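Throughout, protein chains are lettered first and strands after them, A, B, ... in sequence-line order, and every chain is numbered starting at 1. Just so you know, these numbers use all the heavy atoms, side chains as well, and skip hydrogens, waters and symmetry mates. Please read all numbers here as calculations on a predicted model, not as lab measurements.
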Amino acid sequence: MSNTFNEPECPFCLRNIFYQINSKRILTDINIRIERSGITGIVGPSGSGKSTLLRLLNKLVSPSEGRILLEGQDYNTIPVRELRKRIGLVQQRPYLFPGTVRYNLQYGPKIWEVTHSEETLVDLLTRVALQKEFLDRDVDGLSGGEQQRVSLARSLANKPSVLLLDEPTSSLDIVSEEIIENTVKDLARDGTKIIIVTHSLEQTRRLTDHLLFLKEGRLIETVPTASFFEKYNEEEIRGFFKAKTKEDSL
Amino acid sequence: MTPIIPEDIVTLATDMFPRIITSIVLLLILIGLSYWQRIEMEKLFLISFTRGLIQIILMATILIVIFELQNLWILYIILLFMCSFAAITAKRRFPYPNIFQIELFSITVGSISVMTFVMIVEIIPTEGTYIIPMGGMVIANVMVMTTIVLERIVADVKKSKGIIEAALALGDTPWNAVRSITRDSFRAGLLPSTNRVAVLGIVTIPGLMSGMIIGGINPIEAAIYQVIIFLMILVGGFIGELIIGFFFIKELFTTEDQLRLALIN
């Protein structure tokens, strides 16, 4: 990961990105080059703009200034729905559609007039450690952890090349957290690019290969995870994750 | 249906006094209930009823002239004026861009199209006596129905923004992402009028029908007119709902299929 750009070869690059809403600046002059493979963690205190950055990457919002490039191609030249299919997003809360698990898993493919076979649906569930019996269960009856796993499987049903995860385990029990982390590792191993927002130091250590640190909407560090833990001592590391005070809030 | 304009205003005022007092008492009860339940509609009730009273008294004084009109163009201009007034009233509650234009277009197309249809098929004569009161009923109801739709869409989008964005994030269109919301809002808009039809003649004896019977029209004929009016209200209202739903949803999303959260917040 580096801050240099060679546009035609740029796998996933953000260039001079500013984002503001109602005159409130959320992101300031973000320049990032994210490599094709591996798991990239976006970390930083609350309110530092991590989730907004993910929303920009899924184009749920557009930058006020700057460009985003995917495989050297400007975001604005890619049809937005096609872009969102290629770049999946798992939100912090599952936000499942009312109905069965099957309905949720078929939702994305149906947009593209694809109907997954029973085998594919079962495979999707297996990837998030759920049994095939879950297919016809109503999502209302699922636990929080199961719902988040269905949400992850729902995104995977679109076969995205990049998967964005916004604190997917923040409100889950240890078992569900471990299942999701294992799924994420498997996906990365199979070639899906993962970009995950997390505020957990331990999850950062366990899961990520590269790190982007945001503070008050600015990128303050881009570093391989291993180097980060060698470069800084425990107290400095905790400082990166420390929640901001109210006065600091954007 | 000849309106009565009393010659002696003093006698009228004396006769009307108990009714005016009753109206004031009922209005105060309404305001009191609003205050008690803290729904903050006291001012709205007071302004609406005062304005409504002045408007209907003014209207009563020119009603004979309007009822005698047979010039279709002038009748249409009066209907358009009524639609504009309805749109101005409806837009006050929704501080969104282009809402007046959207309201005006939906109320006008919904009401005028159905009025024009019944005139073309000669169900109602092209006379002010028929067109203005019927048009008024249709326009008022279409306004209420479009307002219900808007209110419902705003409330449901606020409540479901996470699910809407989840659908968008999968590559879905804004229309699909809010389909269940628009469907529910259309249903909510149609329900009050549909319920009134269901109890027609048993619980409600509508004013138009009663007026016609008093005016000497055959009760069966008056009843059929009333059913036609309800159908006009429902068809015109549904058309208005579809139009307002379409244009408001367009306002709610950017050209990049992004939900304008700032708009509804």
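- By the 4.0 Å N-to-carboxylate-O rule, A:K193 lies too far from A:E35 to be salt-bridged with it.
- The six-membered or imidazole ring of B:W175 lies near that of B:F246, with a centre-to-centre distance under 6.0 Å.
- One finds a salt bridge joining A:E118 and A:R102 here, because a Lys/Arg side-chain nitrogen approaches an Asp/Glu carboxylate oxygen to under 4.0 Å.
- A 6.0 Å sphere centred on CZ of A:F97 holds more than 12 heavy atoms belonging to other residues, nucleotides or ligands.
- In this structure a side-chain-to-backbone donor-acceptor pair under 3.5 Å is present from A:Q147 to A:V139.
- Within residues 50-63 of chain A, the residues that have a heavy atom under 4.5 Å from a heavy atom of chain B are A:R55, A:N58, A:K59, A:L60, A:V61, A:S62, listed by number.
- Using a 4.0 Å cut-off between charged nitrogen and carboxylate oxygen, A:R127 and A:D190 count as a salt-bridge pair.
- Contact annotation for B:L261: only side-chain heavy atoms (C-beta onward) come within less than 4.5 Å of a heavy atom of chain A.
- For A:L96, the part sitting under 4.5 Å from any heavy atom of chain B is the backbone (N, CA, C, O) and nothing else.
- Per-residue counts of heavy-atom pairs under 4.5 Å with chain A were compared for B:A167, B:A262, B:S160; the largest is that of B:A167.
- Side-chain atoms of B:T194 come within 3.5 Å of backbone atoms of B:L190 as a donor-acceptor pair (strictly under, hydrogens ignored).
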